[in-house]
Amino acid sequence: MSHWAEIDENNIVLRVLVGNNSEPDEGEAFMNSLGGTWVKTSYNGNIRKNFAGIGFHYDPTNDWFHAPQPFPSWTLDENAQWQAPVAYPTDGLMYVWDEETTDWKAITND
């Protein structure tokens with residue numbers, strides 16, 4: 001199977017479909033027959049860094065897909081993964097991101 005992401009004029013993924021791998025073009029002709037703009041994606045991330053999901057962005061400059069930005073303070077790294085400006089604590093507790101303080105906040109049972 002091959003997987004294809006349809007993107008809109010803003011490079012946002014609208015849907016992801018499966019193509020037939022028995023065809024020499026791995027389903028590209030079929031996807032193009034549906035209309036729209038299609039970009040191949042890889043379920044295991046072998047191409048374009050991430051498997052495309054609905055709402056993901058396709059970056060044609062870097063030729064990769066990335067998830068929507070989770071928080072305004074987070075930045076995209078060279079592996080198309082969003083990174084917080086502060087590393088996640090490694091003390092064994094659970095945390096949630098607090099955008100107001102741009103830091104991790106421990107989850108408590110209070």
Side-chain angles (χ1 to χ4, degrees):
M1 288 184 272
S2 60
H3 297 84
W4 296 84
E6 182 181 16
I7 57 173
D8 68 11
E9 63 279 354
N10 297 310
N11 293 321
I12 303 300
V13 176
L14 301 172
R15 60 182 169 163
V16 179
L17 298 179
V18 178
N20 184 346
N21 242 6
S22 65
E23 300 174 24
D25 62 4
E26 298 185 0
E28 185 174 10
F30 173 73
M31 296 303 161
N32 288 334
S33 75
L34 298 175
T37 302
W38 294 89
V39 180
K40 191 172 185 181
T41 185
S42 171
Y43 191 76
N44 57 15
N46 284 343
I47 59 170
R48 301 194 171 91
K49 303 282 186 185
N50 295 295
F51 183 70
I54 294 172
F56 274 44
H57 181 263
Y58 172 65
D59 177 342
T61 302
N62 291 306
D63 193 29
W64 65 29
F65 290 100
H66 64 77
Q69 187 173 15
F71 299 97
S73 64
W74 290 33
T75 57
L76 202 58
D77 69 16
E78 66 279 354
N79 293 311
Q81 300 296 313
W82 292 105
Q83 299 298 323
V86 177
Y88 189 87
T90 59
D91 58 7
L93 299 176
M94 293 183 64
Y95 291 84
V96 294
W97 182 253
D98 182 352
E99 184 64 14
E100 188 174 311
T101 62
T102 62
D103 204 355
W104 296 100
K105 182 178 177 181
I107 298 172
T108 61
N109 291 331
D110 302 349

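In this structure, Leu93 CG and Thr108 OG1 are separated by 10.5 Å, a value rounded to the nearest 0.5 Å. Remark: His57 NE2 to Asp8 CG distance equals 9.0 Å, nearest 0.5 Å. Within the model, atoms NE2 of His66 and CZ of Phe56 stand 9.5 Å from one another, a figure rounded to the nearest 0.5 Å. Distance check, rounded to the nearest 0.5 Å: OG1 of Thr75 to CD of Gln83 gives 7.0 Å.
Closest heavy-atom contact between Ala52 and Val13: CB-CG2, 4.0 Å. Of all heavy-atom pairs between Trp74 and Pro85, the closest is CD1-CD, 3.8 Å.
The aromatic rings of Trp97 and Phe71 are tilted relative to each other, their planes meeting at an angle between 30° and 60°. Between Phe65 and Tyr58, the ring planes lie tilted relative to each other; the angle falls in the 30° to 60° range.
Using modelled atom types and a 3.5 Å distance limit, the side chains of Asp77 and Asn79 yield no donor-acceptor pair. Neither side chain, Asn62 nor Glu78, offers a donor N or O lying under 3.5 Å from an acceptor on the other. There is no side-chain donor-acceptor pair under 3.5 Å between Trp4 and Glu6.
Formation of a donor-acceptor pair under 3.5 Å by the Thr41 side chain with backbone atoms of Ala5 is not found in this model. Between the side chain of Trp38 and the backbone N or O of Gly35 there is at least one donor-acceptor pair closer than 3.5 Å. The closest donor-acceptor contact from the side chain of Asn50 to the backbone of Ala80 lies under 3.5 Å.
Two different hydrophobic clusters hold Ile12 and Leu76 under the rule that ILVMFWY side chains link at heavy-atom gaps under 4.5 Å. By the rule that hydrophobic residues join a cluster once side-chain heavy atoms approach within less than 4.5 Å of another member, Met31 and Tyr43 end up as members of separate clusters. In terms of hydrophobic clustering, with Ile, Leu, Val, Met, Phe, Trp and Tyr side chains grouped at heavy-atom distances under 4.5 Å, Trp82 and Val86 are assigned to a common cluster.
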Checklist entry - Should Val96 and Ile107 be marked as a side-chain contact (heavy atoms from CB on, under 4.5 Å) after you check the CA-CA gap, both sets of side-chain angles, and the distance that decides it? => result CA-CA 7 Å; Val96 294; Ile107 298 172; 3.6 Å; yes
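Ser42 places none of its side-chain heavy atoms less than 4.5 Å from the side chain of Arg48.
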